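Treat the numbers as computed from the prediction; the structure is a model and nothing was measured.
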Amino acid sequence: SHPLVSMPATLVRCCVRAGGLAREGRRRRAGPAASQRLIRAEAGFFDEMAASGDRRYYMVGGKGGVGKTSLSASLAVKFATRGHATLVVSTDPAHSLSDSLAQDVSGGKPVLVEGTDGMLYGMELDPEEAKGEFAEFVSRDGGKGVEDFLGQVGLGGMADSLAELRLGELLDTPPPGLDEALAIAKVVQFIKAEEYSRFTRIVFDTAPTGHTLRLLSLPDFLDLSIGKVVRLRQKLSSATSAVKSLFGAENEDQDEAVKKLEALKAQLLEVKALFRNTETTEFVIATIPTVLGLSESARLLSSLRAEGVPVSRIVVNQVLKPGADPASLKAAIKALEEGGAGSDADAAALAALQAAIADVSFCSLKRKDQERAMQMLTEDQGLRSLDLVTAPLFDLEIRGVPALNFMASQVWT
């Protein structure tokens, strides 16, 4: 067995008592503000999420590498165990939803997740692949084939517009946000279909912060673009027919093309509106307890609120649990040294304690660093207004439905 297992009982009590005092001291130092935040966040908030009849969409977003996929997947599993037919969707180009679920859900269509009694489906959509296919269609044969591709994602009207206006070359470099907009538009089309209308909860594992913000600004970009097309058509109305032929249509066709561009904008506005609907949607910010992570979360929150996106919750992931203070181990070593290591068990315990100090010191320093970063949650005016949810740093990798169910029991309470 491990040497610590055979540690004399007096030393065990010494370490436990010292660790308990250290934890109590940390709780006191946290102050009343931190305690109030935790109480507010832990008072059965998931019951409210599960009971809501109108709120259907949950967008989990934030800085890359903070565990958005695990948080999204565990939230989806929790909804499924509460009786909600749930779809979890990844629009992040760096997919890991299949890895998190321990099941392949790629291919762009909902896949039943095993071990959920038929209540959970997963789907990976690749915005980069969609953008690549889009560019390939645009560049091939003057844009032939665009209609088939866009028709699959419910944006078929754009193909005719490109053909009539011959503006396909402008889309060799699509506007920022178009890739994820295409992916989310596809999801919107899915859930409108009768076979998928049964989903009462849809959880989006979104791409990192920058992608999300560009997506929100995309309809504004299209509005400017359509305005340019309309002004261009007005100028052409007095030009020669030869100039008009460059755009492959007469005035009536141009009017129709503009209508189709307007229809495209309306479809993407539907995606934009999805993010802003306070009755049906909630954006959950995911982060980690570092100054960099929380600083980006503060900027994301400011941008989301400027765009009218409903957000009231922040999940701080990978938080270290309270543990023994290095001082308690050092005190135990000193007591053992002063009393004399009179047996092999005492000598082994002393060696184990000395070896453990380095690891415990590292964890203690890391924990203090996290605590300093978490002060931003009370000091930043925006972050202070959010309900705080903390997710611990687990000692094992979270993969598969059973592990996600356990994670959900620790986070979504």
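Nearest heavy-atom pair across Arg56 and Thr200 is CG-O, 3.3 Å. In terms of heavy-atom proximity, Leu87 sits nearest to Pro110 at CD1-CB, 4.1 Å. Closest heavy-atom contact between Val113 and Thr116: O-OG1, 2.7 Å. The shortest heavy-atom contact between Val66 and Ala286 is CG2-O, 3.6 Å. Of all the heavy atoms in Pro392 and Asn317, the pair that sits closest is O-OD1, 4.2 Å. When all heavy atoms of Leu120 and Ala76 are compared, the pair lying nearest together is CD1-CB, 3.8 Å.
The ring pair (Phe, Tyr, Trp, His ring centres under 6.0 Å) pairs that include a residue from residues 65-90 are Phe46-Phe79, Tyr58-Phe79, Phe79-His84, where partners are two or more places apart or lie in different chains. Annotation: ring pair (Phe, Tyr, Trp, His ring centres under 6.0 Å) contacts involving residues 386-406, sequence neighbours excluded, comprise Phe394-Phe406.
Note on Glu282 versus Arg313: salt bridge recorded, some NZ/NE/NH1/NH2 to OD/OE distance being below 4.0 Å.
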Go through the steps to decide whether Leu383 and Leu386 satisfy the test side chain to side chain contact (heavy atoms under 4.5 Å, CB included), and finish with yes or no. CA-CA 5 Å; Leu383 296 178; Leu386 300 178; 4.2 Å; yes
Worked check of side chain to side chain contact (heavy atoms under 4.5 Å, CB included) between Leu304 and Leu300: CA-CA 6 Å; Leu304 290 174; Leu300 173 60; 3.8 Å; yes
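Judged purely by distance below 3.5 Å, without hydrogens or angles, the side chains of Ser98 and Glu124 pair a donor atom with an acceptor atom. Inspection of the Thr91 and Thr206 side chains reveals no N or O donor paired with an N or O acceptor under 3.5 Å. Looking only at atom types and distance, the side chain of Thr280 has no donor-acceptor partner in the side chain of Asp54 under 3.5 Å away.
Remark: of the listed residues Leu274, Val203, Ile285, Leu274 is the sole one forming a side chain to side chain contact (heavy atoms under 4.5 Å, CB included) with Met59.
Judged by distance alone, the side chain of Thr287 and the main-chain N or O of Gly293 form a donor-acceptor pair under 3.5 Å. Without hydrogens or angle criteria, Gln103 side chain to Leu112 main chain gives a donor-acceptor distance under 3.5 Å.
Counting only heavy atoms from C-beta outward, the side chains of Met49 and Arg55 never approach each other to under 4.5 Å.
Qualifying side chain to side chain donor-acceptor pair (under 3.5 Å) partners for Arg305, counting only residues two or more places apart in sequence or in other chains: Ser385.
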